[in-house]
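These notes are about the structure you will find just below.
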Amino acid sequence: MFLLTLSAVTLAAPAVRAMPAAPAVQRRASRRRARGTLSLPELDVAPVVVDAPAPEVPPPALGDVGVALSRIPGPQIPAEIRAMLDAAIAANDEAGVAVIVKYARAGDPGSADLVLRQATDWRTARARARNERVQQASLFQLWTGRAEVGGFISTGNSNITGLTGSADLTREGLRWRHRLIAQADFQRTDNVTSRERYTAGYQPNYKVSDRAYIYGNLQYESDRFLGYDNRYAVSVGAGYGVFRRAGLTLDLEAGPAFRQTDFSDDYLQSSLAARGSIDLKWTLLGGIRLSEEAAGYLEQYNSTVRSVSALEAKLLGPLSAKLSYTVQYESEPRDQRLTTDTLSRLSLVYSF
């Protein structure tokens, strides 16, 4: 009976839940949050300004070492190289200056940069002065050129008189180059004219760059022994300087042309043509210069090629002796004339 009563009491008692632990956990979490989010009120503090002079740092004193370093000289151009460079600059010898700069590194590597700098400064000043002079010059100034004169007289069994003369003038501008040429050959044999040729031309060039240019060409010729009394040629085209070195220049030109020829038998011929030319000048040692000037006109009826090869040697100052060989070829000459004429000539040249 007692057991049954105890069981009944146990079954009838309400279930007890584990609730008391929750408030303790919550209190600990609250304390942790309170510690993490605690903030203090900001205090208003006036800024503090410290007015103090800058510290004085004494300059470094190297003593005897510094004095010795200050007395070490920098790189200098040796007296021999400087004398040669100054002489070349005073003579406006561009080729000489280039040679000295080239070999200064081998002679004294330490001063090579100084030599190059001095040469560069000279070239820059020279170019600036030249540009100013060209801009201020009038149309009749800055002309340079060459005048050529030759002749011979023979008496006895045959009386021969020959005269030749030519002029070649050039004016170099910043953008334009102008060239004027004129030539005359005359010869009489036994009081009969055996050679008579006259040539005149004008060529303006517009410089696109240091090497490339656009040219125009106006030319007049008269040579009745080649079969024509008058020949006119007009051409435009492009030119290019293949070489632009000290002592070596080579220009090539090509373009369309128009020619009109008045032959000696009163036949008039006009035709379009293609023109090409080559102009080579090569200065060798000792003032000897080789030159080759050739121009050709390719057309339907009569093509022409003219070449002048020359060897020139300096004599005294602006005077030179010139030996030249001229070849002129006409593909379809009139009146059964020969296609090729040649002329060898020795003359005196004055450059200015």
Side-chain angles (χ1 to χ4, degrees), residues 145-170 179-203 217-233 235 259-265 269 275 277-281 289-297 302-313 315 318-352:
R146 299 154 55 84
E148 181 178 342
V149 178
F152 59 90
I153 298 175
S154 175
T155 61
N157 293 322
S158 61
N159 296 318
I160 303 175
T161 303
L163 296 173
T164 181
S166 67
D168 190 338
L169 305 177
T170 303
R179 185 183 182 189
L180 294 171
I181 58 173
Q183 185 178 21
D185 290 331
F186 182 81
Q187 180 175 317
R188 289 180 65 86
T189 303
D190 294 331
N191 297 323
V192 177
T193 301
S194 55
R195 177 172 178 80
E196 188 176 9
R197 175 179 173 82
Y198 306 102
T199 304
Y202 168 61
Q203 186 180 82
N217 187 64
L218 304 175
Q219 185 171 320
Y220 169 79
E221 295 178 87
S222 175
D223 193 334
R224 61 190 182 91
F225 290 93
L226 283 178
Y228 55 88
D229 293 331
N230 301 290
R231 173 180 282 170
Y232 306 92
S235 175
R259 290 207 306 175
Q260 179 175 296
T261 306
D262 181 10
F263 289 99
S264 301
D265 58 359
Q269 184 180 86
R275 178 187 179 273
S277 71
I278 177 174
D279 187 356
L280 171 66
K281 293 180 175 61
R289 188 174 79 160
L290 297 175
S291 64
E292 171 65 32
E293 293 188 39
Y297 290 87
N302 179 44
S303 299
T304 302
V305 177
R306 179 177 174 82
S307 169
V308 180
S309 305
L311 176 65
E312 188 174 327
L315 297 177
L319 296 179
S320 303
K322 180 179 179 181
L323 175 63
S324 63
Y325 182 72
T326 303
V327 179
Q328 178 145 347
Y329 169 81
E330 302 280 339
S331 63
E332 297 293 337
R334 304 286 296 181
D335 300 333
Q336 304 300 317
R337 286 180 168 84
L338 298 178
T339 59
T340 305
D341 272 14
T342 65
L343 175 65
S344 299
R345 179 166 46 201
L346 179 63
S347 55
L348 187 66
V349 179
Y350 176 79
S351 301
F352 57 92

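Since this is a predicted model, take the numbers as computed values, not measurements.
Atom-to-atom distance recorded for Ile160:CD1 and Arg195:CZ is 13.5 Å, nearest 0.5 angstrom. Here CD1 of Ile181 is found 8.0 Å from CD of Gln203. Values are rounded to the nearest 0.5 Å. Distance check, rounded to the nearest 0.5 Å: CZ of Phe352 to CG of Leu169 gives 5.0 Å. Note that CG of Leu311 is 8.5 Å distant from OG of Ser291, once rounded to the nearest 0.5 Å. Of the inter-residue distances, the one linking Asp185 atom CG with Ser166 atom OG reads 8.5 Å to the nearest 0.5 angstrom. Rounded to the nearest 0.5 Å, atoms CG (Asp341) and CZ (Arg197) are 9.5 Å apart.
Considering all non-hydrogen atoms of both residues, Arg334 and Phe263 come closest at CG-CD2, 3.0 Å. Looking at every heavy atom in both residues, Tyr220 comes nearest to Asp229 through OH-O, 3.9 Å. Taking all atoms of both residues into account, the shortest heavy-atom contact from Tyr228 to Ser264 is N-OG, 3.5 Å. Nearest heavy-atom pair across Leu338 and Pro333 is O-CG, 3.9 Å. Residues Phe225 and Ser194 come closest through the heavy atom pair CZ-C, 3.5 Å.
Counting only distance, with no hydrogens or angles, the side chain of Asn302 and the backbone of Glu332 share a donor-acceptor pair below 3.5 Å. For Ser347 (side chain) and Gly150 (main-chain N/O), no donor-acceptor pair under 3.5 Å exists by modelled atom type.
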For this session: Take Ser309 and Glu292, measure what side chain to side chain donor-acceptor pair (under 3.5 Å) needs, and give me the verdict at the end.
Result: CA-CA 5 Å; Ser309 305; Glu292 171 65 32; 2.3 Å; yes
Problem set entry | Verdict with reasoning, Glu293 to Arg306, per side-chain contact (heavy atoms from CB on, under 4.5 Å) | CA-CA 8 Å; Glu293 293 188 39; Arg306 179 177 174 82; over 6 Å; no
For this session: Before giving the answer on side chain to side chain donor-acceptor pair (under 3.5 Å), spell out for Thr339 and Glu330 the whole-Å C-alpha distance, their side-chain angles and the decisive distance to 0.1 Å.
Result: CA-CA 5 Å; Thr339 59; Glu330 302 280 339; over 6 Å; no
Exercise. Taking it one step at a time, do Tyr297 and Arg231 satisfy side-chain contact (heavy atoms from CB on, under 4.5 Å)?
Worked result: CA-CA 12 Å; Tyr297 290 87; Arg231 173 180 282 170; over 6 Å; no
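Partners of Asp168 by side-chain hydrogen bond (donor to acceptor under 3.5 Å, both in side chains), not counting sequence neighbours, listed by chain and number: Arg179. Every residue two or more places apart in sequence or in another chain that forms a side-chain hydrogen bond (donor to acceptor under 3.5 Å, both in side chains) with Glu196 is listed here: Tyr198, Arg224. For Tyr232, there are no side-chain hydrogen bond (donor to acceptor under 3.5 Å, both in side chains) partners, not counting sequence neighbours.
Under the side chain to side chain contact (heavy atoms under 4.5 Å, CB included) test applied with Arg188, the options Asn159, Leu163, Thr193 reduce to a single match, Thr193. Considering Arg345, Glu312, Arg289 as possible partners of Lys322, the one that fulfils the side chain to side chain contact (heavy atoms under 4.5 Å, CB included) test is Glu312.
Within the 4.5 Å cutoff, no side-chain heavy atoms of Leu226 are placed close to those of Glu221.
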